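Inspection log for the structure reproduced underneath, given as structure tokens.
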Amino acid sequence: MTSVKSKQQGSVLTQKLHSKRQLFIPIAALLVLILVNLINDPSFFAIKVGTNSTGDPVLSGNLITILDNASELAILAIGMTLVTAASGGQDISVGATIAIAGSVVLRVLCGTEARPETLQAPIIVAFLVCCVVSMLFGAFNGALVAYFKIQPMVATLILYTAGRSIAAWINNNALPIISEPSFAYYGNFIPGIAIPTPVFIAIACMIIIALVLKFTTLGLYTQSVGINPHSSRLNGINPEFIKFITYVILGLCVAVAGFIKVSRFSTINYSVVAKDIEMDAILAVALGGNALSGGKFSMAASILGAYVIQFLTTTLYTFKVDSSALPAYKAVVVIILVVLSSPVAREKMAKLWKKVAPAKTAKEAN
Amino acid sequence: MQEGAVLEVRGICKNFPGVRALQGVDFTLREGEIHALMGENGAGKSTLIKVLTGVYTKDDGQIFLKGHEGPVHIKSPEDAQNAGISTVYQEITLCPNLTVAENMYIGRTKGPFTNWRAMNRRAGEILRSLEIPASPTQQLGTCSIAVQQMVAIARAVDMECKVLILDEPTSSLDEQEVRKLFKLMLDLKAKGVGIVFVTHFLEQVYEVCDRITVLRDGQLVGEYVIEELPRVQLVSKMLGKELNDMAALDKGETVSEKEDRGVPVLEAHQLSSTEGIKPFDFQIYKGEVNGFTGLLGSGRSECVRAIFGADKTTGGTVKVNGQEVSIKKPRDAMKYGIGYLPEDRKRDGIVGDLSVRDNIILALQVLRGFFRPISRAQAEAYADEYIKLLEIKTASSETPIKALSGGNQQKVILARWLLTNPNYLILDEPTRGIDIGTKIEIQKLVLKLAAEGKSVTFISSEIDEMLRTCSRLLVMRDRKMVGELTGEDLQQDKIMATIAGGESAS
Ligand SMILES: Nc1ncnc2c1ncn2[C@@H]1O[C@H](COP(=O)(O)OP(=O)(O)OP(=O)(O)O)[C@@H](O)[C@H]1O
Ligand SMILES: [Mg+2]
């Protein structure tokens, strides 16, 4: 009797470990990156206190850069994870819609002037308008995917191609620059605070999504719809609406990311801002061990994945990889990581582990 | 290897996380015999078959095949096919979005050089010879489950095989189809093919099988010649204990007096749906168990789907407790306290990757609403309660439902609806793939619900089962309601006659 019980407890434990295993790959990747940098040059991790252009004391160093630069990606990874889970596909238009979001912010703040002396509208208004517009574009993608049943990749291809032109059109092809210093707080530093603001914004987004996942059934519904829309419908869930809403949520994430991007430089270049960021966001989801075909997901793993990608990018820079060759290097590393974190590979590793583990316990017993 | 054996396995072991599915199982299949593989839900029947056909790799043991020296290594279903083993798995493994003919020849075409026309013609011939009501160019997903199951069988049969394995092939077939299948099996047997047959229907076993191997909890109980193992003994070998008397089931006080029934819990008038059923009237009263019966494709499931809002309704009115309501989608029906256990478990029932726990709470969660998630601890408690109540065999409530045996998956879906505490529960083939011990438990449960004042609509291909539970039967033929049988008329032959259309009752 007791042996049966302990066997059952053991099985529950292995299953708990199984769900944690999804975090294993991104964490391991992070550790490897840390190790490589430690060996290469320990000063990589140095954090210095310096002063910025406004004369305030701020922290600087590679780690701060990584945390700072990964913010947009981490925020996008949140929305991309939900979209992937529910619709079994990805939104490839996020880079282009970030350009739109940024353009909207500029348009609201600058009106039609190129370098307004004073802002034409409060920043909060600009932010809210940007959110609404981005969510509308998200809704456009979502409607195509959910109600017209178009493949996500194809549906979002429309804005992927047209988005940057739309962004330019919003400001009549002009590139207004905002000189108001308080606007730059959101993408840089708030005076007196030594950590870049985007880090806080990203953390706020993570807290919000954690609360949403805890206090609503969004997680259960998106996974259920992604796994089996037929059963979901017969259990009273509206699969189309759930898919649709995930794209709208991603739209909101795009708005926040776009807002940070404009604030960083006080302006944007429509054709290059956030270029290829959709690929990084999708990779973050894959790196987190989430199936790109939808269904079960781990939000924490995706977000961690985003930071791993940024860490990798920064590491490659310190290795003086030519910026034009950067994508190639990145691709190689990413392929390895994604293959390792794929369910097939995880299963293989689990088996290998099983073979090694009993041998070890047997030795320990002796 | 034994004399005359085509397939022999020795000491097969297979473990899953937390489950020892097979522990040293031996099994011998001889030439020209039909061999039943029996056991409760989760006994390991499907696992044994999947190990045999290379779907799972075995942890231990050996497989021998006639014509091969020494043990063979079957690494994939393709290997098994090439070695002359054709299989129909318990869960239909065909592609719903390919045509019937494509499904029959998938994996056996010559790539770009396939002669599609010849293939369609050949498929058409086989379909006709088995009297399967489907056209070769029809998309498989548009066929009913029964037809899909027949197509899977047709596919297996068409391959030149020495061993044919059928895992619960008759679970969604009706009498006629079962007859066709048996004729086919007997033909193949005469040709010397060895057939493994898994089913929970004892009559079918005693009708066609020569030998029985019984498994219990992953262990071999024994191999018996059919004549030497009477039914009662077979059941006690499977369960490991005597079965409670089936006849003890009592319908109790059936609500049949029309006067004191009050208002119907649900009343439909001239309801029709996009699935092409003729407008029908329907009502069910408090504490009543009624049922839909009819041949496959007669529209039984379509009727209840229309009531639940699973298919789009195209006309008619529905009243719940006398109030006219509009049920447009399942959610509406659920709000009026209606539950629906669908016929197609894999497609409409389970959410495969989600845990048993999440699958159990899903419907209740939807009823509670988006902003009131069930807490982890509460969900755990619900899951444990129902796992115990329905004796669901699972390593834990964390296990993904797709890792459960077919019958246990069915119990989880049943648990899901029981948890919502519905006033009116529609059960479409609730005992499909369920072993006979549990089958009786479910019938009892249905009667208990009725005694508590709930209403139940029960659909089953087994008329026996319907007779034991229902006090009123609605008979369907050609998508049309052709009769209603109550009281004295509830007899097997009377029902059969009405189904066949010899005479139309009331
Ligand atoms: N892929 C899997 N992962 C984990 N456990 C599994 C898996 N497949 C089967 N099992 C477990 O192995 C046991 C045997 O399952 P199996 O499907 O062989 O039962 P069965 O005899 O076919 O039952 P049924 O009559 O319900 O179809 C069950 O306890 C089941 O939970
Ligand atoms: Mg089975």
Side-chain angles (χ1 to χ4, degrees), chain A residues 3-21 85 88 211-242 245 290-291 293-297 343 347-348 350-351 353-355 358, chain B residues 15-20 57 59 305 308-310 329-335 338-342 344-355 357-359 361-376 379 394-403 413 416-417 420:
Chain A
S3 77
V4 171
K5 233 183 183 169
S6 70
K7 199 179 88 188
Q8 271 172 357
Q9 273 169 358
S11 77
V12 173
L13 203 73
T14 43
Q15 256 152 14
K16 284 229 172 95
L17 283 178
H18 205 83
S19 63
K20 289 273 175 341
R21 197 170 292 148
L211 292 177
V212 167
L213 288 178
K214 184 156 170 54
F215 291 108
T216 73
T217 57
L218 186 70
L220 181 66
Y221 286 11
T222 45
Q223 300 186 60
S224 175
V225 165
I227 297 166
N228 189 342
H230 297 291
S231 315
S232 304
R233 200 174 76 81
L234 288 181
N235 282 293
I237 300 173
N238 182 341
E240 285 79 29
F241 183 71
I242 295 292
I245 208 74
N290 299 302
S293 52
K296 278 197 85 91
F297 68 83
E347 209 162 280
K348 284 259 157 66
K351 269 199 190 137
W353 172 244
K354 249 209 231 145
K355 268 186 204 156
Chain B
N15 297 328
F16 294 111
V19 188
R20 295 172 71 188
T57 47
D59 294 342
R305 286 178 69 92
F308 188 68
K329 49 184 191 296
R331 179 79 192 271
D332 300 338
M334 287 163 67
K335 275 198 219 129
I338 307 176
Y340 167 61
L341 181 133
D344 188 341
R345 174 172 65 224
K346 191 176 174 195
R347 177 175 180 272
D348 292 336
I350 65 168
V351 184
D353 291 315
L354 286 189
S355 64
R357 183 188 61 233
D358 286 345
N359 268 285
I361 63 157
L362 190 57
L364 181 67
Q365 177 61 76
V366 171
L367 275 174
R368 281 173 52 128
F370 186 75
F371 293 103
R372 292 179 56 213
I374 296 171
S375 74
R376 177 71 183 246
T394 172
S396 79
S397 59
E398 283 286 319
T399 315
I401 190 173
K402 63 178 184 189
I413 308 301
R416 175 193 291 169
W417 290 108
T420 63

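Below, chains carry the letters A, B, ... as their sequence lines are ordered, and counting in each starts from 1. Since the structure is predicted, the reported quantities are computational estimates derived from the model, not experimental observations.
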When rounded to the nearest 0.5 angstrom, what is the spacing between [atom1] in [X] and [atom2] in [Y]?
X: B:Ser355; Y: A:Lys296; atom1: OG; atom2: NZ; value: 5.5 Å
X: B:Asp344; Y: A:Ser231; atom1: CG; atom2: OG; value: 8.5 Å
X: B:Arg331; Y: A:Ile237; atom1: CZ; atom2: CD1; value: 9.5 Å
X: A:His230; Y: B:Lys346; atom1: NE2; atom2: NZ; value: 12.0 Å

Side-chain donor/acceptor of A:Thr216 to backbone N/O of B:Phe370, under 3.5 Å =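 Looks like no, no N/O pair under 3.5 Å.
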If only atom types and distance count, is the side chain of A:Asn228 paired as donor or acceptor with the main-chain N or O of B:Arg347 below 3.5 Å?
->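 Checking the backbone N and O of B:Arg347 against the side chain of A:Asn228, a donor-acceptor pair under 3.5 Å is found.
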Any idea which of B:Pro342, B:Pro330, B:Gly309 has the most non-hydrogen atom pairs under 4.5 angstrom with chain A?
->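 Among B:Pro342, B:Pro330, B:Gly309, the one with the most close pairs to chain A is B:Pro330.
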What residue in B:Ile413, B:Asp332, B:Leu354, B:Asp353 has the most heavy-atom pairs under 4.5 Å with chain A?
->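 Most pairs with chain A among the choices: B:Asp353.
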Got B:Leu362 and A:Ser224 here, is their nearest side-chain heavy-atom distance under 4.5 Å?
->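 SC-SC contact between B:Leu362 and A:Ser224 confirmed.
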Between A:Leu234 and B:Arg305, is any pair of side-chain heavy atoms under 4.5 Å apart?
->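 Sidechains of B:Arg305 and A:Leu234: in contact.
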Per-residue contact mode, [X] against chain A (heavy atom under 4.5 angstrom):
X: B:Lys335; result: neither
X: B:Tyr340; result: side chain
X: B:Arg416; result: side chain

Considering all heavy atoms, the nearest A:Phe215-B:Pro373 contact |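 Shortest heavy-atom contact: O-CD, 3.3 Å.
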If you count heavy-atom pairs under 4.5 Å between each of A:Asn238, A:Leu220, A:Asn235 and chain B, which one has the most?
->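 So the answer, after comparing A:Asn238, A:Leu220, A:Asn235, is A:Asn235.
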